[in-house]
Amino acid sequence: MPKMKTKRCAAKRFSFTANGKVKYKKMNLRHILTKKNAKRKRHLRQTGILSDADSAKVRKQLLPYG
């Protein structure tokens with residue numbers, strides 16, 4: 001059997017922590033930044049952790065060897 005291919009679009013957006021949780025970069029920090037306050041932008045810089053249900057989908061369908 002050939003190896004399963006990793007979905008490259010998912011590999012560029014998600015990564016795994018040491019405990020196996022799925023990290024992602026938060027949205028809304030690309031443009032129209034003048035109307036967002038500093039606290040909001042500061043929190044958007046931090047990485048997010050996917051919920052268990054969503055991380056199971058990502059792990060199973062998109063990143064088979066993660």
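For reference, positions follow the sequence shown, starting with 1.
- Linking Ile, Leu, Val, Met, Phe, Trp and Tyr whenever their side-chain heavy atoms come within less than 4.5 Å puts L33 and L44 in one cluster.
- Using a 4.5 Å cut-off on side-chain heavy atoms (C-beta onward), Y24 and T47 make no contact.
- In terms of heavy-atom proximity, T6 sits nearest to A11 at CG2-CB, 4.0 Å.
- For the atom pair NZ of K36 and NE2 of H43, the computed distance is 15.0 Å after rounding to the nearest 0.5 Å.
- The minimum heavy-atom distance linking P64 with M4 is given by the pair CB-CE, 3.6 Å.
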message = Before you tell me yes or no, could you show the steps for I49 and K23 under side-chain contact (heavy atoms from CB on, under 4.5 Å), namely the whole-Å CA-CA distance, both residues' side-chain angles and the distance that decides it to 0.1 Å?
response = CA-CA 5 Å; I49 301 293; K23 292 191 306 185; 3.9 Å; yes
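- Applying the side-chain hydrogen bond (donor to acceptor under 3.5 Å, both in side chains) definition to pairs two or more places apart or across chains, those involving residues 52-66 are S51-D54.
- To the nearest 0.5 Å, atoms CD (Q46) and NZ (K25) are separated by 10.5 Å.
- The distance from the CG atom of L29 to the CZ atom of R40 is 10.0 Å, given to the nearest 0.5 Å.
- Taking CG from L50 and CZ from F14, the interatomic distance works out to 5.5 Å, rounded to the nearest 0.5 Å.
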